[in-house]
Peer 1: 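The structure's right below; bear with me while I get my questions together.
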Amino acid sequence: MRRRGRVRSARCERRRVRGRHHRGRSGAGRHHRDAAGGSRRRSCLREPEHEEPDEGSRSQRCRLRRDHRVDRARCLHRRDPSVAIRHRADHRRPGRPRRHHPESPVMSTPALPDPALPDPASATSMRTHRCGDLRREQIGETVSLCGWVGRRREHGEHLAFVDLRDHSGITQCVVDNDVDVRSEYVVRITGVVRDRPAGTVNESLPTGEIEVGECTVEVLRRADPPPFPIDARADGVDENIRLQYRYLDLRRERMQRNLRIRAAVNSAVRTAMERQGFVEIETPMLVPSTPEGAREFLVPSRKEPGSFYALPQSPQLFKQLLMVAGVDRYYQMARCLRDEDLRADRQYEFMQMDMEMSFVTQDDVLDAVSESVLAAAEAATGERPPPIERITWLEAMNRFGVDKPDMRFAMELTELTDVFASTEFKAFAGAGSIKGIRVPGGADQYGRNQLDKLTDRAKSLGAKGLVWLKVTDGGFDSPVAKFLSDAEAADVRTRLEAETGDLLLVVADEWATTCEVLGTLRNDLGRPPVHEGPYRYVWVVEFPLFVGIDRDSGRPKPGHHPFTTPHPDDVDKIESDPMAVRSIAYDLVLNGWELGSGSIRIHEPELQRRVFTALGISEDEAARKFGFFLNPFDYGAPPHGGFAFGLDRLVAILAGEENIREVIAFPKTQSGADPMTNSPVSADPKQLSELGLKVLPPAT
RNA sequence: GGUCCCGUGGUGAAGUCUGGAGUUCACGCCGGCCUGUCAAGCCGGAGGUCGCGGGUUCAAGUCCCGUCGGGACCGCCA
């Protein structure tokens, strides 16, 4: 009872302390943000009423997200991509003794630990094992674990189960004294590994056969209750709150796993590139602004007020100059920055595996990149994908309507132009291209309302309209059925292999529009979540050299960039039929996500001149805009080509995530803000004056 | 620049269409009970300026306008 009294008083005191602490913490948080200064939007964020998280996601989205999470977990369990990462200890040779002297110094982890050796990341001066390490082999050993207190299950004064958690997993510790430990306290627990009593094994935990008993608990740091549970339930928490407390979000298994998949991918990519003789070379972050491409982040120069650096949107020009420099094979895990609007698959800053090689053809580049991507996939999933297939851009457009086809599902575009060659139906007559897709069993799933929405969607994508046909036993249920001849109706049915109950969607327009609209609808209606089904890697090759006409200048726009080599078979057409010229440019696509792109570059001045001319760029303009880049070629540029793929996207898909923010430790929101650091913040007037800058009042 | 969805105790939701007292549910938190639990259980309690501002109304979480914040998408991303 004496002890209980102590506990009570300790808790009472804690309650008092906690009350003050809470207020103090909130105040401190505001103070911190106040110190950062900011615009009206940010000062609004700092208001007390905004201090507490107050934004919740809506039911449907959340339910979907939760369901998705469950499915994903199942799926991952099935494919088992992360076991090697999560439970590296499993790979230890049984019987090999573990080091468990608290004094044992442990040096830094090698980049590629030999899985056959004891994991050097395990023991430290303070612990003998990580929380996910212990198995039946350790029974009888006295161990020390360090970590955060997860769930506690108290059964009166002499028995409490504490789930001790670190990045590696959870171990149940049986505490029979009354130390006051609460959620997320940082503790060190020393005790003896023992068998769990019969019937109490937890099969859902890798450590579930054992527990640590006779525990001595040292509280290393008390902690306030977290704003959300540090487990899978936080998947449903508003992302803004997760980002505000990212350091807590990252404690969760899912996020730890994602960080480690990312590290494994990085490591595998580096190894694969180095094995192939590529040299990692860093290129500058402060670079000149380049005339073409994405909007750049500008960095003002202090030494030269009024002049600016740009942050690189890619190391493109440097890597090509490295080829001129005779490096032969370059690669870099390159941070790239683009000031364009953010999306689920786009952040301001992102990582690319950037590479370039000399004296090569397309096959050499594709082989080298494939090796690196497949090695990364194997590292993350434990399974090496089959060789990557190739299709041409034209085939991708015709069959899937997009240049980044998701080939995990069918619903391919079907050619119908010839069916309606002499149609009476005005909407189809004279259309450049008519194609359709079949939504199996879609007739019942799509009511009038949804079909109207699909039509709106098609129109917003540039189509003049959308024809829908519900397949019935005798024919079509459709507003346009009466305009189709019997022969046309029969042909449509046969071509699309339509069966009763299907929904058919038909678009008639210019070829590009028809493809694009149906390709988008195909994705809208048929695309599975990114983590489902097989991984379908595909090289899309033979991109057109020019795509579309620039609205402002009236010139053709380069499909990849203006230094891309035209396809040798099409070089003759650069002047006569530029839009028909293919290029040696290629994209790598995974499950409908563009992972990256590359090309064989032009290294001959004459060909470059012809392409510039086709692009409407005069010699003067070329010299002015690209001289700094192309003049070095005159000192001897080797034939070369390269590629870059986005690591964030690759990791996201391999981790089963729909959003690259989930595989970035500290991402930005869609508006480009970081709720944790509250960036961006307004600049100190002194900084501005040093840089010779003045902020204009907001235009109204 | 545009379209759409969403802001309700610490967290997630219901309530909003059809205005009538801050109502409800789950988790968490605080206290009590509890010796084999494992997202423990039982009992009790605290906690909200319904994002913010304006309007309509006798009356607004609910209707209208604006605004801030989050998300998805179009434009943009050579």
Side-chain angles (χ1 to χ4, degrees), chain A residues 8 11-12 14-15 18-19 22 39-45 47-63 65-66 150-163 170 172 174 176 182-183 196-205 208 211 224-245 290-295 313-314 316 336 338-346 348 350 453 456-457 460-462 520 524 546-547 550 557-564 585 594 597 615 658-659 661 669-671 673 675:
Chain A
R8 252 197 300 278
R11 284 187 177 171
C12 284
R14 173 169 169 80
R15 189 170 46 189
R18 186 182 285 279
H22 267 293
S39 66
R40 209 176 59 183
R41 174 174 63 80
R42 285 187 296 278
S43 64
C44 176
L45 261 179
E47 289 304 311
E49 59 266 33
H50 288 263
E51 173 61 28
E52 296 303 335
D54 52 24
E55 276 129 16
S57 49
R58 284 301 94 205
S59 56
Q60 178 137 24
R61 198 174 71 228
C62 277
R63 271 197 299 275
R65 201 185 282 166
R66 270 197 300 273
R151 312 289 309 172
R152 296 157 293 135
R153 295 171 293 280
E154 291 181 51
H155 294 254
E157 50 186 299
H158 291 300
L159 180 65
F161 301 98
V162 172
D163 286 340
I170 287 175
Q172 171 167 290
V174 184
D176 57 5
R182 298 177 184 226
S183 291
R196 289 202 187 187
T200 63
V201 166
N202 185 343
E203 284 175 10
S204 62
L205 280 182
E211 64 188 14
D224 290 335
F228 49 79
I230 310 299
D231 59 33
R233 283 172 294 185
D235 290 342
V237 170
D238 187 284
E239 199 182 345
N240 205 35
I241 292 170
R242 289 177 54 207
L243 291 178
Q244 190 185 341
Y245 299 92
T290 47
E292 309 286 333
R295 188 185 299 119
Q313 44 173 304
S314 83
Q316 186 65 34
C336 303
R338 293 178 190 173
D339 188 3
E340 299 290 353
D341 286 359
L342 289 72
R343 290 276 203 286
D345 60 352
R346 277 159 39 185
Y348 281 154
F350 59 99
K453 276 184 189 157
D456 288 346
R457 172 87 167 147
S460 77
L461 293 165
T520 305
D524 286 355
F546 308 113
V547 282
D550 188 87
K557 292 185 287 188
H560 183 55
H561 61 51
F563 318 113
T564 302
E594 180 193 325
S597 56
L615 286 166
E658 306 267 2
N659 193 307
R661 292 191 295 271
T669 64
Q670 200 167 64
S671 63

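It should be emphasised that the depicted structure is a prediction, and the values quoted were computed from it without experimental measurement. In what follows, every chain begins at residue 1, and chains take the letters A, B, ... in the order their sequences are listed.
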Peer 1: Using both distances under 3.5 Å as the test, list the Watson-Crick or G-U wobble partner of B:rG41, or none.
Peer 2: B:rC33
Peer 1: What does A:D456 touch in the nucleic acid at a heavy-atom separation under 4.0 angstrom: a base, only the sugar-phosphate, or nothing?
Peer 2: nothing
Peer 1: When the C1' atoms of B:rG41 and B:rU35 are compared, how many Å lie between them, rounded to an integer?
Peer 2: 13 Å
Peer 1: Should B:rG61 form a Watson-Crick or G-U wobble pair with both distances under 3.5 Å, which nucleotide is its partner?
Peer 2: none
Peer 1: Is the phosphate of B:rC30, meaning OP1 or OP2, less than 4.0 Å from a side-chain N or O of A:R182?
Peer 2: yes
Peer 1: Taking the C1' atom in each of B:rG9 and B:rG47, what is the distance between them to the nearest angstrom?
Peer 2: 5 Å
Peer 1: Which nucleotide, if any, forms a Watson-Crick or G-U wobble pair with B:rU49, using both distances under 3.5 Å?
Peer 2: none
Peer 1: Any N or O donor-acceptor pair linking the side chain of A:R661 to the base of B:rG71 at under 3.5 Å?
Peer 2: no
Peer 1: Among the nucleotides B:rC77, B:rC73, B:rU11, which one has an atom lying closest to any side-chain atom of A:A294?
Peer 2: B:rC77
Peer 1: For A:Q316 and for A:A344, locate the closest nucleotide of RNA chain B by heavy-atom distance; then report the residue assigned to the nucleotide nearer the 5' terminus.
Peer 2: A:A344
Peer 1: Just to be sure I understand the rule, does A:S183 reach a base, reach only the sugar-phosphate, or reach nothing, if contact means heavy atoms closer than 4.0 Å?
Peer 2: sugar-phosphate
Peer 1: Within the 4.0 Å heavy-atom criterion, would you say A:A160 contacts the bases, only the backbone, or no part of the nucleic acid?
Peer 2: nothing
Peer 1: Could you state the atom-to-atom distance from CZ of A:R346 to C1' of B:rA78 in whole Å?
Peer 2: 14 Å
Peer 1: If B:rA26 has a Watson-Crick or G-U wobble mate with both distances under 3.5 Å, name it; if not, just say none.
Peer 2: B:rU11
Peer 1: Rounding to the closest angstrom, what is the interatomic distance between B:rG15 and B:rU56 at atom C1'?
Peer 2: 22 Å
Peer 1: Between A:R343 and A:D345, is there a side-chain N and carboxylate O pair less than 4.0 Å apart?
Peer 2: no
Peer 1: Base, sugar-phosphate, or nothing for A:R295, non-hydrogen atoms under 4.0 angstrom?
Peer 2: nothing
Peer 1: Taking donor-acceptor contacts at under 3.5 Å, does the side chain of A:R457 reach the base of B:rC4?
Peer 2: no
Peer 1: Distance between the P atoms of B:rC50 and B:rG36, in whole angstroms?
Peer 2: 45 Å
Peer 1: For A:H560 and for A:Q670, locate the closest nucleotide of RNA chain B by heavy-atom distance; then report the residue assigned to the nucleotide nearer the 5' terminus.
Peer 2: A:Q670
Peer 1: Determine which nucleotide pairs with B:rU3, using a 3.5 Å limit on both distances of a Watson-Crick or G-U wobble pair.
Peer 2: B:rA72
Peer 1: Show the nearest heavy-atom pair for residues A:S671 and A:Y348, with the distance to one decimal.
Peer 2: O-OH, 4.2 Å
Peer 1: Roughly how far apart, to the nearest Å, are B:rC68 and B:rC52 at atom C1'?
Peer 2: 7 Å
Peer 1: Quick test of your reading of the model: are A:E340 and A:R346 salt-bridged, counting only N-O distances below 4.0 Å?
Peer 2: no
Peer 1: B:rG10, B:rA72, B:rC74: which one has an atom nearest the side-chain heavy atoms of A:P227?
Peer 2: B:rG10
Peer 1: Rounding to a whole Å, what distance do you find between A:D341:CG and B:rG70:C1'?
Peer 2: 15 Å
Peer 1: Confirm from the modelled atom types if A:R338 and B:rC77 form a donor-acceptor pair under 3.5 Å, side chain to base only.
Peer 2: no
Peer 1: Output yes when at least one side-chain N/O atom of A:N659 is less than 4.0 Å from OP1 or OP2 of B:rG71, else no.
Peer 2: no
Peer 1: Look at A:R242 together with A:D235 and state whether they make a salt bridge at an N to O cut-off of under 4.0 Å.
Peer 2: no
Peer 1: Please measure how far the C1' atom in B:rU16 lies from the corresponding atom in B:rA60, and state the result in whole Å.
Peer 2: 10 Å
Peer 1: Taking 4.0 Å as the cut-off, does a side-chain nitrogen or oxygen of A:Q313 come that near to OP1 or OP2 on B:rC77?
Peer 2: no
Peer 1: If you take atom types as modelled and just measure distance, does the side chain of A:D238 reach the base of B:rG7 with a donor-acceptor pair under 3.5 Å?
Peer 2: no
Peer 1: With C1' as the reference atom in both, quote the distance from B:rC77 to B:rA13 in angstrom, rounded to an integer.
Peer 2: 37 Å
Peer 1: In whole Å, measure the gap between the C1' atoms of B:rG32 and B:rU23 for me.
Peer 2: 28 Å
Peer 1: With rounding to the nearest 0.5 Å, note down the distance linking NZ in A:K557 to CG in A:L615.
Peer 2: 12.0 Å
Peer 1: Rounded to whole Å, please give me the gap between CD in A:E340 and C1' in B:rC76.
Peer 2: 5 Å
Peer 1: For every nucleotide of nucleotides 35-44 of chain B, 5' to 3': is a protein heavy atom under 4.0 Å from its base (B), only from its sugar-phosphate (S), or from neither (-)?
Peer 2: BBBBBB----
